[in-house]
Amino acid sequence: MGESVTKKFLGFDIASIEPEEGAPAEGRLISGNPRFRTWNFEEAEGGVYAGVWESTPGKWRIEYDEWEFCHILAGISVITEEGGEARTVKAGDRFVIRPGFKGSWEVIETTRKDYVIRL
């Protein structure tokens with residue numbers, strides 16, 4: 001019985017996973033020199049991803065084709081919707097960004113978040 005439960009439960013330890021490193025896509029950078037680190041814990045059938053993402057300060061344009069749940073673990077960022085309001089997010093904040101969202105993400109203080117993405 002224990003074995004079948006284990007196959008359906010995925011625990012993770014960020015220290016045991018090598019992060020992917022990156023930066024905003026070419027042509028999207030607005031200011032600064034943000035560097036990303038991403039620890040992907042889950043890549044499931046149906047286009048579901050989960051993990052931890054972190055960025056150093058900077059600002060870039062974002063366009064979402066996917067649905068994403070975020071839980072900010074540390075830092076401060078400002079997410080601004082094109083033609084809309086700017087929202088400051090900080091440790092403890094949770095939110096969803098829906099497909100079609102366009103705007104900018106500005107990291108004021110190095111930001112780390114848990115995420116779940118559905119394509």
Side-chain angles (χ1 to χ4, degrees):
M1 182 173 167
E3 186 175 320
S4 65
V5 172
T6 302
K7 290 181 182 179
K8 300 297 182 189
F9 180 89
L10 177 63
F12 53 85
D13 176 9
I14 196 168
S16 67
I17 298 172
E18 189 67 32
E20 297 173 20
E21 303 210 4
E26 189 173 329
R28 294 205 177 187
L29 183 65
I30 296 171
S31 64
N33 184 28
R35 308 308 297 166
F36 305 155
R37 293 194 306 166
T38 304
W39 295 264
N40 277 315
F41 303 131
E42 174 74 313
E43 293 183 21
E45 287 183 33
V48 175
Y49 300 85
V52 173
W53 172 89
E54 180 180 83
S55 177
T56 59
K59 185 176 183 179
W60 61 95
R61 283 185 291 287
I62 55 175
E63 293 184 20
Y64 276 70
D65 294 326
E66 65 276 10
W67 176 97
E68 181 177 3
F69 167 81
C70 302
H71 175 210
I72 303 296
L73 302 171
I76 300 171
S77 285
V78 177
I79 302 168
T80 305
E81 188 166 8
E82 193 174 80
E85 68 180 285
R87 298 191 180 258
T88 299
V89 296
K90 60 190 178 332
D93 289 343
R94 296 172 180 88
F95 54 93
V96 168
I97 298 178
R98 292 182 172 149
F101 184 97
K102 292 182 181 181
S104 64
W105 188 300
E106 181 177 14
V107 173
I108 306 299
E109 224 175 72
T110 295
T111 297
R112 182 178 281 194
K113 69 178 181 177
D114 283 333
Y115 66 86
V116 177
I117 294 172
R118 182 170 181 218
L119 301 180

Which atom of R118 lies closest to which atom of E66, heavy atoms considered: O-CB, 3.5 Å
Flag the pair V107 / W60 as yes when at least one side-chain heavy-atom distance between them is below 4.5 Å, and no otherwise. yes
Candidates I97, L119, V96 - the one meeting side-chain contact (heavy atoms from CB on, under 4.5 Å) with W67: V96
Only one of T111, T110, L29 passes side-chain contact (heavy atoms from CB on, under 4.5 Å) with P34; say which it is. L29
F36-Y64 co-clustered via ILVMFWY side chain contacts under 4.5 Å: yes
Does G27 offer a backbone N or O that forms a donor-acceptor pair with the side chain of R61 under 3.5 Å? yes
Applying side chain to side chain contact (heavy atoms under 4.5 Å, CB included) to A15 and not counting sequence neighbours gives D13
Would you compute the distance between atom CD1 of I79 and atom CZ of F95 and round it to the nearest 0.5 angstrom? 3.5 Å
To the nearest 0.5 Å, tell me how far I72 CD1 sits from Y115 OH. 13.0 Å
Pairs satisfying side-chain hydrogen bond (donor to acceptor under 3.5 Å, both in side chains), at least one member in residues 88-105, at least two apart: S77-W105
Mind checking the CD1-OG1 spacing from I17 to T38? Nearest 0.5 Å is all I need. 11.5 Å
Out of curiosity, L73 CG to W53 CH2, how far, rounded to the nearest 0.5 Å? 11.5 Å
Output for pair (I62 CD1, E81 CD), nearest 0.5 Å, gives 9.0 Å
Within the structure provided, determine whether E106 and T80 are in side-chain contact (heavy-atom separation under 4.5 Å). no
Measuring from atom CD of E42 to atom CD1 of I117, what distance do you get when rounded to the nearest 0.5 angstrom? 12.5 Å
Heavy atoms, side chains only, cut-off 4.5 Å: are E54 and W39 in contact? yes
Qualifying side-chain hydrogen bond (donor to acceptor under 3.5 Å, both in side chains) pairs with a residue from residues 22-35, counting only residues at least two apart or across chains: none
